[in-house]
Amino acid sequence: MNASPPRILVARRLTPAATERARRDFDAQIVEHDLDTAEVMDALRQRPVEAILIGPKVRLDAAAVAALPDGLKLIANSSVGYDHMDAEAARARGLIVTNTPDVLTDCTADLAFLLLLGACRRAHEYEAIMRKGWRQGFGMPDMLGVRPSGKTLGIVGMGRIGRAMAERARGFGMRILYHNRSRLPADLEQGAEYFADLHSMLPHCQILSLHLPGGQAGTLMDAAAFAALPKGAVFVNTARGSLVDEDALIEALTHGQLFAAGHDVFRKEPDYDMRFAALPNVFMAPHMASATRETRDAMAMRALDNIAAVAAGRGPIDPV
């Protein structure tokens, strides 16, 4: 990249502060709506750029990566997850790929714990009762939830977000188990118990929460995995919908293997499986883990930081 302001395509809407910076510091094409893959390709044909700032709506498989113009140097992904692109194919073409780790750790853990509490304490059902006017008394055996305090929480993926989830769980007196590709140093474990094998951990997890990073391939939670959990367990997913066999999850929820689930992610978004909407024991959000003013600002700014660093010849801050 040269010393003049880098020419970039901002292919998704950003926060006002980040949009102002993009206009000020870059030769930026700013869009009015989030572009999809076809629209990005069309925009690149009309106006060559050195970098594109994208989000999950732009799906770059190997074929799409191969079709990117030669002048493009950088794909700046404005989230931590990048399973919507073939990063390996992009790197093989000599493209730099970046993401935005760290800045959304706390907000994602906050929402994950909200989903955990909401699933345990039947938040969806309670709120529905109130929205309908209440008008009905409940006795001691009615509408009982699960007390999260003191339960055993299994965390799958003990990276930054998984550790932040554990930190919140400790405030509720939870016993923490975790499965990770490798064991953490003792100072990061903080007493959490490591399981090298996921299926050995599952029978001990009264609550299970997924926190695997973007790019994780394959279905992790299938019928066998849900069956391995204690009957009446609670399942939380703020990682990736692709990690879960949704037919198996619905089966576990409808037949009592799971007490409840809290979900921010689904296999198909935004057109998620509407069977979940009919289940009273599912507490869900529309992929909003990072949706605070502070975090969305930080994500957009970090993507722009990566573009600026590469343009200045310093190399990417957050290479994938």
For Ser78 versus Gly55, what's the shortest heavy-atom pair and its separation? OG-CA, 4.2 Å
Any side-chain donor paired with an acceptor under 3.5 Å for Thr15 and Arg293? no
Atom pair CG/CZ of Asn281 and Phe235 - distance to nearest 0.5 Å: 13.5 Å
Minimum-distance pair of heavy atoms, taken over all atoms of Pro280 and His124: O-CD2, 3.3 Å
Any sub-3.5 Å donor-acceptor pair from Thr37's side-chain atoms to Arg59's backbone N or O? yes
For the CD atom on Glu269, are there more than 12 heavy atoms of other groups (residues, nucleotides or ligands in this structure) within a distance under 6.0 Å? yes
In terms of hydrophobic clusters joined by side-chain contacts under 4.5 Å, are Leu153 and Phe226 together? no
Minimum-distance pair of heavy atoms, taken over all atoms of Thr219 and Val244: CG2-C, 3.9 Å
Between Ala300 and Leu14, what is the shortest heavy-atom contact and its length? CB-CD2, 4.0 Å
Salt-bridge criterion met for Asp36 and Lys57 (N-O under 4.0 Å): no
Checking side chain to side chain contact (heavy atoms under 4.5 Å, CB included) between Leu243 and each of Val156, Val265, Leu210, which is the one that passes? Leu210
All N/O donor-acceptor pairs, side-chain side in residues 132-140, below 3.5 Å, sequence neighbours left out:
{"from": "Trp134", "atom 1": "NE1", "to": "Gln136", "atom 2": "O", "distance (Å)": "2.9"}
{"from": "Arg135", "atom 1": "NH1", "to": "Gly133", "atom 2": "O", "distance (Å)": "2.4"}

Is there a donor-acceptor pair closer than 3.5 Å between any side-chain N or O of Asp245 and the backbone N or O of Met221? no
Could you go through the side-chain hydrogen bond (donor to acceptor under 3.5 Å, both in side chains) check for Asn77 and His84 one step at a time? CA-CA 10 Å; Asn77 185 50; His84 52 286; 2.8 Å; yes
So for atom CZ, which belongs to Arg147, do other residues, nucleotides or ligands contribute more than 12 heavy atoms lying within a distance under 6.0 Å? no
Tell me, with the steps shown, if Arg7 and Phe26 meet side-chain contact (heavy atoms from CB on, under 4.5 Å). CA-CA 6 Å; Arg7 180 178 282 194; Phe26 304 91; over 6 Å; no
If you apply the rule side-chain contact (heavy atoms from CB on, under 4.5 Å), what do you find for Ser242 with Asp83, and how did you get there? CA-CA 10 Å; Ser242 58; Asp83 56 343; 4.3 Å; yes
Under 3.5 Å, side chain of Asn237 to main-chain N/O of His263, donor-acceptor pair present? no
Please determine if Asp305 and Arg314 form a salt bridge, counting it only when a charged side-chain N lies under 4.0 Å from a carboxylate O. no
Membership question, hydrophobic clusters at under 4.5 Å side-chain separation (ILVMFWY): are Leu198 and Val236 in the same one? no
Identify which one of Thr105, Asp106, Asp102 satisfies the side-chain hydrogen bond (donor to acceptor under 3.5 Å, both in side chains) criterion when paired with Arg160. Asp102
Pro148 side chain reached by Arg121 side chain, heavy atoms, under 4.5 Å: yes
Between Arg163 and Glu167, is there a side-chain N and carboxylate O pair less than 4.0 Å apart? no
Is there a donor-acceptor contact under 3.5 Å from the side chain of Gln257 to the main chain of Leu229? yes
Whether Tyr178 side chain and Leu184 backbone form a donor-acceptor pair below 3.5 Å: yes
I need the Leu35 CG to Arg13 CZ distance, nearest 0.5 Å. 10.5 Å
Electrostatic pair Asp110-Arg168, nearest N-O below 4.0 angstrom: yes
Nearest 0.5 Å please: distance from the OG atom of Ser290 over to the CZ atom of Arg296. 3.5 Å
Once rounded to the nearest 0.5 Å, what's the spacing between atom CG of Asp297 and atom CD of Glu294? 8.0 Å
Hydrophobic clusters here meaning ILVMFWY residues chained together by side-chain heavy-atom distances under 4.5 Å, can you tell me if Leu115 and Ile176 are in one? yes
Please lay out, stage by stage, how Val146 and Arg122 fare under the test side-chain contact (heavy atoms from CB on, under 4.5 Å). CA-CA 8 Å; Val146 169; Arg122 302 177 74 154; over 6 Å; no
Write down the atom of Ala166, the atom of Met158, and the distance for their closest heavy-atom approach. CB-CE, 3.9 Å
Could you walk me through whether Met299 and Val80 pass side-chain contact (heavy atoms from CB on, under 4.5 Å), step by step? CA-CA 9 Å; Met299 291 166 66; Val80 65; over 6 Å; no
Does Asp247 come within less than 4.0 Å of Arg275, counting only side-chain N to carboxylate O? yes
Only one of Ile75, Asp34, Val40 clears side chain to side chain contact (heavy atoms under 4.5 Å, CB included) with Val58; which? Val40
Which of parallel (below 30°), tilted (30 to 60°) and perpendicular (above 60°) describes His204 and Phe195? tilted
Counting only heavy atoms not in Arg91, do more than 12 fall under 6.0 Å of its CZ? yes
Indicate yes or no for a side-chain donor-acceptor contact from Gln206 to the backbone of Thr152 under 3.5 Å, with no hydrogens or angles considered. yes
Are the side chain of Thr108 and the backbone of Leu104 linked by a donor-acceptor contact shorter than 3.5 Å? yes
Are any of the side-chain nitrogens in Glu193 or Arg175 under 4.0 Å away from the carboxylate oxygens of its partner? yes
Closest heavy-atom pair, Ala90 versus Val97, reported as atoms and distance to 0.1 Å, is CB-CG2, 3.6 Å
Hey, is Asp273 close enough to Arg267 for a salt bridge, meaning N to O under 4.0 Å? no
Side-chain donor or acceptor of Asn306 paired with backbone N/O of Pro316 under 3.5 Å: no
Same cluster (ILVMFWY, side-chain, under 4.5 Å), Phe113 and Phe259: yes
Can you get from Phe283 to Tyr126 by hopping between Ile, Leu, Val, Met, Phe, Trp and Tyr side chains that sit under 4.5 Å apart? no
Arg183/Glu189 salt bridge by N-O under 4.0 Å criterion: yes
May I ask you to test the Ile52-Leu74 pair for a side-chain heavy-atom distance under 4.5 Å? no
Does the side chain of Met201 come within less than 4.5 Å of Asp197's, by heavy atoms? no
Do other residues, nucleotides or ligands put more than 12 heavy atoms under 6.0 Å from Asp70 CG? no
Check against side-chain hydrogen bond (donor to acceptor under 3.5 Å, both in side chains), Thr98 and Asp318: CA-CA 5 Å; Thr98 63; Asp318 306 298; over 6 Å; no
